[in-house]
Every structure is written in C-alpha cells, then in structure tokens.
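Report on one structure; see the data block that follows.
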Amino acid sequence: MSLKDGFTVPLALRNWIENDTSCPAKTIPGLFRHVVSLHGSRPYVGRRVGKRFEFKTYSQIHDEVLCFASNLVELGLEKEERIANYCNNRPEWPVVDIGTGYIGCVHVPMYPTLSQSEMAYIVKGSQARIVVVPDSDHLGRVLNVAEECFHLRHVVCIEEFDRNSLKVPEGVRLWSWESFLQAGRETLKKNHRQIEEMYNNVRPDDVFSFVYTSGTTGDPKGAMLMHGNFVSQAVPLAKSVVQAQPTDYQLSFLPLSHVFERIVHYVLMSVGAAIGFSKSIATVTSDMVILKPNIVPSVPRLFEKVFAKAVEQSAGGFRNKVFQQAIKIGRQYREAKARGKISIFLKAQHALYDKLVYSKIREKVGGNVRHFVSGGAPLRRDVAEFFFDVGLSILEGYGLTETCPVLAVNCAGREKIGTVGEIPEYAEVKIADDGEIIARGTSIMLGYYGMPEATREAIDEDGWFHTGDIGELDEDGYLTITDRKKEILVLSNGKNVAPQPIELALCGDLFIAQAVVVGNNCGYVAGIIVPNFEKLEKWAQEQNLEYTDRDALVKLPQVVSLYKNIVRHVCEPLSNYEKLRKIHILNRELSQERGEITPTLKVKRRIIDSHLKDEIAAMFVGDSKLTQNDG
C-alpha cells in the first residue's frame with residue numbers, strides 16, 4: 001500500500017511535473033546531483049571550528065550520501081519506509097536528508113529540543129525504522145522508549161558514546177555514525193545498480209518527508225511533503241527572491257527540522273552556495289562576524305534583539321541625538337529612493353551617517369549581509385523599518401508546514417514593509433468570505449499521514465488549503481496577516497478581538513519580552529506580560545529597589561506601576577473593547593521546555609491556558625480596572 005493511496009496529488013503539482021521545463025531536476029536528490037555535477041568542488045556545508053568555519057564540498061557530501069543510501073539498501077529498507085532524524089543542524093543532517101530520499105525513503109526530521117515523550121510520539125506515529133541522534137543524551141532518550149516504538153530497528157549516533165553504559169533493547173541495533181557510513185562504503189559497489197534503480201524510480205509526487213506541525217492548536221500532525229513540493233519552490237525562489245549565487249554564504253541557526261529553514265537550505269543548495277551551521281543560538285552574533293554571510297534566515301526575535309540593543313547602546317546624551325538623527329536620515333533616504341528622487345544634500349547626509357552609524361551596525365552582522373529572510377512569526381513594522389533604514393534588507397514571508405512553506409514573500413528590490421509579500425508564481429492565494437487565507441499550488445502537501453479526515457478538513461474538494469489565518473490582499477497583490485482564525489477572541493458582548501496585533505504592539509516596548517492576550521467568552525481582554533528581565537532588573541537596580549527573586553520583583557508596587565503605565569500607553573490608540581483591563585506580570589519567561597512556545601517562538605495558547613489557568617482566572621474576577629493580579 002502506497003502512502004499516496006486515499007490522497008490526491010494537487011492538480012498544480014501534476015501539471016508542473018508534466019509541463020515545467022525550468023527545473024534541472026524535479027526531486028531533491030536529483031537537484032542535488034545536478035548541483036554536484038556543476039559545483040562539486042565548491043563548499044557546501046560547514047561548522048565553526050575555533051575562529052573559522054570548516055566546510056565539506058558538494059562532492060564530499062555526495063560520497064557520504066551514497067554510503068548512507070547503500071547501507072539503507074543493505075539493511076533491507078524499501079521505498080517509503082521512514083528514517084527519523086533527531087539532530088541539530090550539522091553537516092550530517094543533509095546526508096541523512098538526501099541519502100534517505102535518494103532511494104525513495106521518507107525523512108522524518110524532529111526538533112532536537114523535543115522532550116522524550118514528544119519525540120516518542122513522532123517515532124511511533126511515523127513508524128520509523130531508523131532514528132539518527134547527535135549525541136549520547138539524545139541516544140539515551142531514544143533507547144528509553146525504543147521498546148514502545150514497535151517499528152524501530154536501528155539507532156545511529158553521530159558523536160562518541162559509551163556503549164557499555166547503555167541498555168540496548170533486544171531487536172534494536174546501535175550504530176556509530178562512522179560505522180554506519182563504513183558499512184555503506186563497503187557495500188557500495190555491490191549495491192550500486194540497485195541504488196541507481198531506486199534513485200531513478202523516485203518521482204516528484206512521491207512523499208519525501210513527514211514534517212510534524214508545531215502543535216499550536218492541537219496534537220502535532222505529520223504533513224506528507226513531496227519532492228515536487230520543495231523543488232517547485234526552491235528553484236524559482238532562488239532567482240526571484242534572494243537572487244542567490246554560487247558564491248553566497250548562508251548562516252543557518254534555525255532548526256532544519258522546521259520547513260522554513262529547510263526551504264532556504266534547498267534554495268541555496270540549488271545554486272551551489274555554501275551553508276555554515278551555528279553551534280547554538282548563543283554563538284550567532286560571533287558566527288556572523290566570522291562567516292560574513294550574504295543571506296541569513298531568522299525568526300523576528302533575533303531582529304528585535306538587534307534593534308533593542310542598538311537603541312539601548314545609543315541611549316543618553318550626544319550619542320542618542322546622533323543615533324536618532326541617523327535613523328531619521330535613513331528613513332528619508334529610503335523614502336526618497338522609492339520615489340526615484342534623492343537630493344544631493346540628502347545623499348551627503350546619508351553618506352555621513354552611513355560612516356558614523358549604519359556601517360557599524362552592519363559590521364556587527366558580518367558586514368556582507370545582502371538579505372535577511374524572516375518567517376515563522378510576524379515581524380514588527382518598527383523593527384523592519386529600522387533594518388531597512390541602516391541598509392539591511394529583511395525579506396519577510398509567510399507560509400505553513402502544510403504549504404512547504406512559502407505562500408507569500410517579499411522579493412529583493414520589491415519589498416513592502418508591513419506585508420508578508422507577493423504571491424509566488426507556483427501558488428494561488430485568495431481571501432475567503434470569512435477573511436481566511438486559502439491557497440492552492442505546487443507546494444500544497446499531499447495530506448496528513450494516517451489522518452484522512454483531518455486532511456479533508458484542511459483541503460476542500462476544490463483543492464484549496466485552508467490556512468486558519470486571517471489576512472488581506474492589497475491592490476498590488478501583497479498579503480498582510482491580521483491574525484489566526486482559531487485565536488480570535490470572541491467577547492461576551494459579541495465583539496471580536498485579534499490578539500496578535502496587540503501582542504506585537506506590547507512587545508514593541510523594551511521592557512516587555514513576551515505577551516499573551518486572553519479573554520475569550522469574557523467581558524473584556526486581559527494580558528499575561530513577560531518582562532524583559534535583563535532590562536527590568538537593571539531598572540530596578542537604578543531605582544534602588546530591594547527584592548529577593550523574580551517573583552518578588554514583579555510584585556513590587558513600583559514594577560506593577562511601571563507595567564500598568566506601559567500597557568495604558570500601548571493600548572491608547574485601540575478601541576475600548578481591545579484595551580487590556582487587567583494584567584498578570586509573570587515571574588518567568590514562557591519556555592519551549594514547558595511546551596508553551598514552539599521552536600520558532602510561536603505561542604501555544606492551549607498550553608498556556610492550561611499552565612496559567614489560575615492566573616488567567618484571577619484576571620476575570622471583580623471589576624475591570626487595569627490592575628496587576630498577584631495570583
């Protein structure tokens with residue numbers, strides 16, 4: 001029984017397979033092989049070692065891909081069987097990815113930050129035969145649940161581990177990364193013909209990957225993404241959006257298990273560019289200085305931190321005046337450039353501030369960034385404008401796991417700040433009568449694995465995928481996202497409140513790190529406020545405030561008053577029914593470890609409602625004056 005049985009390949013993808021002549025290959029392994037034939041000696045993927053990045057070439061990775069695929073054949077894996085990947089970004093990741101797809105197997109990437117139970121849910125649900133892990137910690141988690149993962153037969157660990165300290169269940173074979181590749185290397189000649197036959201039998205409409213959704217609105221579902229879903233995007237996006245070149249370098253720090261980072265990887269790979277992996281989010285700033293990347297995909301949180309740091313470092317006296325004037329001139333220059341008319345005086349002013357201010361900021365991100373790419377969550381307009389004003393382009397886009405992912409994106413040279421961009425050539429997007437964004441095209445998934453009913457709920461009879469997002473298309477065809485359909489708060493007076501724009505506005509204040517607006521079925525809206533503790537603690541020290549811990553800090557009258565005033569100021573332009581009547585200042589950050597946010601920092605409202613139910617309930621007791629509830 002094929003994975004495609006009972007599901008319908010999108011009409012647009014079928015037409016692309018039959019008629020498109022622009023792509024040199026229509027599967028990921030085929031595209032990779034094409035790039036190897038052109039750019040085999042060029043650097044492909046690398047990691048930082050000391051104060052430099054060390055890369056493997058496209059040809060070197062291709063050799064490892066063949067060894068990986070050869071051992072899969074030797075172990076008896078057949079087309080459509082699943083290989084799960086529990087690893088962080090590293091050069092071995094694309095070996096697993098492409099090697100799995102090379103013989104028609106299905107790659108199931110998982111966030112390395114997933115808990116043991118979350119990982120087990122995916123390994124069991126996908127019926128994975130093999131799991132690849134990065135280290136002994138992740139290896140232990142997999143072995144702990146191996147007996148309940150009935151299809152699991154092999155576990156491959158990339159880094160060194162102590163075999164004698166591990167209890168390996170009967171029927172499960174444990175491999176080191178080197179031993180797995182070596183076994184493939186030794187059988188490659190014998191298996192070469194079978195590998196080529198399996199490679200040639202991989203079709204663009206075959207399932208290439210199960211990518212599990214982040215679970216913001218329910219349990220994660222395995223979106224079945226086909227080779228053609230990825231390739232039909234990667235090749236045109238490389239040309240139309242980032243204008244990628246073989247000489248480009250990308251810094252990669254978002255998890256490749258997220259489809260946003262993964263499609264950017266394929267975009268760069270499709271032209272033979274190089275991709276450097278950060279060791280961790282903590283090293284990103286220094287990695288940019290060392291690698292000097294041209295393209296950097298990120299979630300908005302990084303941009304917000306750069307913006308906040310620049311504002312903070314310029315605070316006070318003459319330096320602040322120079323900074324503010326520089327931003328003012330940068331904006332005037334950008335607007336004049338858009339009109340096609342820049343005065344000589346403005347050019348001179350811009351050149352001066354470029355030397356004094358803009359260039360210094362660009363140097364802190366490596367000095368060579370041509371484009372940042374933003375996705376995964378909404379980007380604040382003031383942050384986007386700041387980056388453009390200092391000469392750094394942010395190409396904001398939009399999409400979902402199920403759309404693989406890009407449904408809209410700002411193209412280089414045609415950016416429109418405040419939107420998520422234009423609809424690419426491979427997609428068709430329209431706004432339904434209720435405001436929901438719906439889409440068709442070559443990038444739409446085949447369906448959810450093992451969930452035909454959920455698939456029918458997501459994709460209607462005419463092939464339109466229902467995103468669950470509310471949005472608008474302007475007269476130029478640019479898309480704006482206003483909120484999540486399922487997250488719209490309906491008050492007891494019948495008013496509808498979109499929480500996301502309010503949360504974005506609140507997070508625009510430097511004292512607020514995270515915010516969650518609540519109040520569904522209630523008479524008013526309230527807010528959970530997570531302080532920027534670094535900023536707040538510094539302020540408390542300046543005010544000579546005494547406290548023992550963060551719980552005591554957020555309950556201090558001076559702190560409560562500070563946040564009440566911030567919320568009042570932010571909510572001033574809003575309609576009365578949108579203004580927060582009560583707040584709860586949380587004594588900790590929302591965390592991925594608690595399951596409250598996704599790896600791309602999107603809020604899981606269902607989890608937060610559960611974890612903070614007492615705090616939320618307390619905000620809807622008594623009157624509706626703006627107050628802090630101490631729980």
Side-chain angles (χ1 to χ4, degrees), residues 216 301 304 483-484 487-493 495 497-537 539-540 543 545 547-572 574-598 601-631:
T216 53
R301 190 66 183 141
E304 291 165 5
D483 220 296
R484 287 285 298 168
E487 293 176 358
I488 296 292
L489 306 177
V490 181
L491 305 186
S492 57
N493 60 10
K495 296 286 188 181
V497 177
Q500 198 172 85
I502 303 173
E503 292 162 353
L504 277 176
L506 289 167
C507 291
D509 190 280
L510 297 181
F511 278 89
I512 298 178
Q514 297 163 309
V516 183
V517 176
V518 296
N520 199 43
N521 297 323
C522 298
Y524 53 88
V525 289
I528 297 164
I529 305 297
V530 179
N532 177 341
F533 282 105
E534 182 181 352
K535 181 80 173 173
L536 177 59
E537 287 164 354
W539 177 85
Q543 302 297 313
L545 301 180
Y547 59 94
T548 54
D549 54 24
R550 286 182 173 178
D551 186 54
L553 172 64
V554 300
K555 292 176 181 176
L556 290 174
Q558 298 92 330
V559 172
V560 172
S561 179
L562 170 69
Y563 281 94
K564 284 166 62 177
N565 289 332
I566 290 172
V567 170
R568 281 198 186 98
H569 175 72
V570 171
C571 292
E572 186 60 33
L574 303 177
S575 300
N576 282 332
Y577 66 89
E578 295 176 305
K579 293 177 179 177
L580 304 190
R581 302 306 178 195
K582 294 190 179 184
I583 60 173
H584 176 83
I585 307 172
L586 204 59
N587 61 6
R588 61 173 178 81
E589 294 182 350
L590 302 175
S591 74
Q592 189 180 334
E593 290 70 28
R594 291 185 174 96
E596 295 164 338
I597 55 175
T598 71
L601 308 183
K602 289 198 286 284
V603 169
K604 293 186 177 182
R605 297 179 190 273
R606 182 172 56 96
I607 302 298
I608 290 170
D609 287 347
S610 173
H611 288 186
L612 301 175
K613 61 182 178 182
D614 293 338
E615 291 85 347
I616 293 171
M619 290 190 287
F620 295 97
V621 175
D623 63 34
S624 60
K625 294 178 182 178
L626 178 56
T627 60
Q628 150 74 358
N629 291 278
D630 298 326

| query | Rounded to the nearest 0.5 Å, how far does NZ of Lys555 lie from OH of Tyr547? | reply | 15.0 Å
| note | Tightest non-hydrogen contact, residues Ser492 and Gly523, listed as OG-CA, 3.2 Å
| field | Pairwise distance CD(Glu615) to CD1(Ile528) - rounded to 0.5 angstrom | value | 7.5 Å
| salt bridge (Lys or Arg N to Asp or Glu O under 4.0 Å) involving Glu578 - partner list, sequence neighbours excluded | none
| said: Assess the residue pair Val518 and Phe620 against the criterion (side chain to side chain contact (heavy atoms under 4.5 Å, CB included)); give the C-alpha distance rounded to whole Å, side-chain angles, the decisive distance to 0.1 Å, and a yes or no. | reply: CA-CA 10 Å; Val518 296; Phe620 295 97; 4.0 Å; yes
| said: Once side chain to side chain contact (heavy atoms under 4.5 Å, CB included) is applied, do any residues pair with Cys571, and if so which ones, sequence neighbours excluded? | reply: Val567, Leu574, Lys579, Leu580
| request: Applying side-chain hydrogen bond (donor to acceptor under 3.5 Å, both in side chains), name anything that partners His611, two or more places apart in sequence or on another chain. | output: Glu596
| request: Looking only at non-hydrogen atoms, find the nearest pair between Gly519 and Leu489 and report the distance. | output: N-CD1, 4.0 Å
| query | Is the shortest heavy-atom distance from the side chain of Val516 to the side chain of Leu612 under 4.5 Å? | reply | no
| side chain to side chain contact (heavy atoms under 4.5 Å, CB included) with Arg550: which residues, sequence neighbours excluded? | Phe533, Glu537
| field | Between CD1 on residue Ile583 and CG on residue Leu506, distance to nearest 0.5 Å | value | 9.5 Å
| message | Can you give me the closest heavy-atom contact between Leu590 and Leu586, atom names plus distance? | response | CD2-CD2, 3.8 Å
| said: Any heavy-atom pair between the side chains of Leu536 and Asn532 that's under 4.5 Å? | reply: no
| note | Here the gap from Lys495 atom NZ to Asn576 atom CG, rounded to the nearest 0.5 Å, amounts to 10.0 Å
| field | Pair listing, side chain to side chain donor-acceptor pair (under 3.5 Å) test, anchored in residues 500-523, at least two apart | value | Glu503-Arg605
| query | Which pair of heavy atoms, one from Arg301 and one from Ala513, lies closest together, and at what distance? | reply | NH2-CB, 3.7 Å
| field | Rounded distance (nearest 0.5 Å) linking atom CD of Gln592 with atom NZ of Lys604 | value | 8.0 Å
| query | So which heavy atom on Ile608 is nearest to which on Ile616, and how close? | reply | O-CD1, 4.2 Å
| Between CD1 on residue Ile529 and CD1 on residue Ile512, distance to nearest 0.5 Å | 4.5 Å
| field | Qualifying salt bridge (charged side-chain N to carboxylate O under 4.0 Å, His left out) pairs with a residue from residues 525-535, counting only residues at least two apart or across chains | value | none
| What are the two closest heavy atoms between Met619 and Tyr524, and how far apart are they? | O-OH, 2.7 Å
